Amino acid sequence: MPRANDTVAALLEELADLLAVTGGADSFKIRAYDKAARAIAAYHEDISTLDAAGIGQIPNVGKSMTAKVVEYLDTGAIRTLEELRTRIPPGALKLMEIPGLGPKKAVTLTKELDVASVDELAAAIEAGRLDGLPGFGAKTADNILHGIELLRRNEGRVLIDTATAVAEEIVTALSRVPGCESISIAGSLRRFRDSIGDVDILAAAADSAPLMAAFKALPIASEVIGSGPTKTSIRTRRGLQVDLRVVPIEAWGAALQYFTGSKAHNIRVREIAVHAKLKLSEYGLFDAETGELLVSRTEEEVYERLGLPWIPPTLREDRGEIEAALRRELPPLITEADLRGDLHTHTDLTDGVSPLEKMVAAAIDRGLEYYAVTDHAPNLVMQRMTTEKMLAQRDLVRSLDTGSLTLLHGTELNIDPIGQVDWDGDFLAGFDITVASVHSHFTLPSQEQTQRLIRACENAYVNIIGHPRARMIGRRPPIDADWDAVFEAAAATGTALEVNSFPDRMDLSDDLILRAKRRGVKFAIDTDAHSTRHMRNIRFGIGTAQRGWLTVDDVINAWPLARLRAFVGAKRP
DNA sequence: GGGTTGGTACCCTGAAACGAACGCGTTTC
């Protein structure tokens, strides 16, 4: 089951959205709901284990919020929310999911055009029904259609953390079913793709019936799409399809290999089998002539019989891994255990929700050797950072006794449209390390975007370019730039590029990591954590880095601190 | 609505980009 924290946070967010739509609340009240939702989602304790006093301890959760949380825990619903839902035009919230469409326009559209879904709105615009509607010109119509296209491109796909949570819940539940001999996540989720269309789960049992029955009876299953002895598909309440396949344990390896994919990788592996007069299927590796089963028990056996070492799932995309495997030159991929530090994190001094001490304690729990605090710099005005606050934080960072963990004081700078950052060199020299990121001007022409990133790389005090593509999966496309030119500048100047682990960023993406690595770029795999809860996201960054073939030598925060300091020092005058 | 400060009053991202409309509302970071 999802944590009650996540459920309640979603309800409070919905409340905030509904308040925005009705216009029945001032902006501060709306923001109060948003802030409370974020704080509850990020809170380290499970709220269902807390009493009212405990819930009231959560930052930004006061009397009114506590009452609503308690009401939900007691009754499973929040009356205020239920009432609001009945007063809002149906579909208005759905329309707000379109990037570029806020509460005001969404309400106007539902009322004036009588549309209740994204599809109906698209049809209405195509039919010219927007013409003459005050506040909606030709350009707005275009923008809405473009937003709808963005939304549809990601339709049916979910972020990797959502898919992971669903998959792990199901694996845990089914592994307890009597007769379940083995169970694993397969498919694109096992390969750590950055968005997931459906979840594939493979189990082994002599009799599949109990597993299939348990799967269909899961609380998370809102619809059974199809069901048979080898495969059952369900849909979750949120519309995510989950497929369960059950095979005999003897076929486990062949089946896991087959259902992990990718399709392109499997085609290449099968070609190798055919050339060797073998036949590979989800049931095993067979002699093509006699039909005799050769191996099928483990993935390692299957690959080995084909003359290949076991290939990590994150590499299985037919991007050269077969050739590398044949040459026995698969890269020693970086793992979470290799990371010695995190170089991009926030605290509640800016938009984080956990205080410095809590973040540091969580870093120690992760077993890190060093940890950079990189709160936002002043030019991102909404964060209300000042030079004085930054210096005060530095004093605090320097004064904390953290045992074996070395704290680094850093900042996340803002790259302005021409590539400048918040402070001059004299002040920047006081930081141990800096990240610089694009937070605005996402639609500049490619040439300007390229120049701005190159200029940021050329800054002697910029060590890491944070989330370089600045995309938000499903909400904002990546910025347009000549990436090869950026990679050359990063490599030449000794500037690392970030692999941001946040599930909606996953930035750089695997394809660009591969390209950048070929040009000699170094990387930093960071959480960008705004809460202690976000530390776990590092696994998604690691998965992405593996998909980009990264090894310890490529990743500056997998290096000993002395080597990292030398990397920073080499760039400075 | 939450939080701080002072004991009830006050503050809380602010600004840029964009487009529709010509001074302004909406959306986004």
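No experiment lies behind these values; they were computed from the predicted model shown. Protein chains get the first letters and strands the later ones, always in sequence-line order, with residue 1 at the start of each.
- Closest to the A:V381 side chain, of the nucleotides B:dG14, B:dC29, B:dG1, is B:dG14.
- A cation-pi arrangement is present between A:R394 and A:F431, with the terminal nitrogen or guanidinium carbon under 6.0 Å from the aromatic centre and inside a 45° cone about the axis.
- A cation-pi arrangement is not found for A:K522 relative to A:F567, the charged atom failing to lie both closer than 6.0 Å to the ring centre and inside a 45° cone about the ring normal.
- Looking at A:L564 and A:L343, their side chains come closer than 4.5 Å, going by heavy atoms from C-beta outward.
- Across all strands, A:T443 comes closer than 4.0 Å only to sugar-phosphate atoms, never to a base (heavy-atom distances).
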query = In dot-bracket notation, what is the pairing pattern of DNA chain B, taking Watson-Crick (N1-N3 plus N6-O4 or O6-N4) and G-U wobble (N1-O2 and O6-N3) contacts under 3.5 Å, with [ ] crossing and | for other strands?
reply = ((((....)))).((((((....))))))
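- Using a 4.0 Å heavy-atom distance criterion, A:N143 is classed as a sugar-phosphate-only contact.
- If you measure from atom CG of A:L15 to atom C1' of B:dG1, you get 12 Å, rounded to the nearest angstrom.
- Residue A:E71 contributes atom CD, which lies 13 Å from atom P of B:dG1 at whole-angstrom precision.
- Taking the charged nitrogens against the carboxylate oxygens, A:D194 and A:R471 do have a contact shorter than 4.0 Å, which makes a salt bridge.
- One interatomic measurement links the two molecules: CG of A:D142 to C1' of B:dC18, which rounds to 14 Å at whole-angstrom precision.
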Collect all protein-nucleotide pairs involving nucleotides 3-12 of chain B in which both atoms are nitrogen or oxygen and the distance is under 3.5 Å.
residue, atom, partner, partner atom, Å
B:dG3, OP1, A:N60, N, 2.5

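- With respect to the salt-bridge test (charged N to carboxylate O, under 4.0 angstrom), the residues A:D119 and A:R152 qualify.
- Counting any heavy atom pair closer than 4.0 Å across all strands shown, A:A138 reaches sugar-phosphate atoms only and no base atom.
- Under 4.0 Å is where a charged nitrogen must lie from a carboxylate oxygen, and between A:D432 and A:R398 at least one such pair does.
- B:dC11 and B:dT5: their C1' atoms are spaced 11 Å apart (whole Å).
- Crowding of A:R533 atom CZ: a count of heavy atoms from other residues, nucleotides or ligands under 6.0 Å exceeding 12.
- Between A:H441 and B:dA16, a side-chain N or O to OP1/OP2 separation shorter than 4.0 Å is absent.
- Residue-level contact check: A:S64 touches the backbone only, with heavy atoms under 4.0 Å from sugar-phosphate atoms and none from bases.
- Salt bridge status for A:K94 with A:E97: absent, with no side-chain N to carboxylate O gap under 4.0 Å.
- With rounding to whole Å, A:L444 atom CG is found 13 Å from B:dA16 atom C1'.
- Of the candidate nucleotides B:dG1, B:dC29, B:dA20, B:dC29 has the atom lying nearest to any side-chain atom of A:R475.
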N/O contacts under 3.5 Å, protein versus nucleotides 23-28 of chain B?
residue, atom, partner, partner atom, Å
B:dT27, OP1, A:G102, N, 2.7
B:dT27, OP1, A:G102, O, 3.2
B:dT27, OP1, A:K105, N, 3.3
B:dT27, OP2, A:K104, N, 3.3
B:dT27, O5', A:G102, N, 3.4
B:dT28, OP1, A:G100, N, 2.6

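- The 5' end of DNA chain B is approached more closely, in terms of each residue's nearest nucleotide, by A:A36 than by the other of A:V438 and A:A36.
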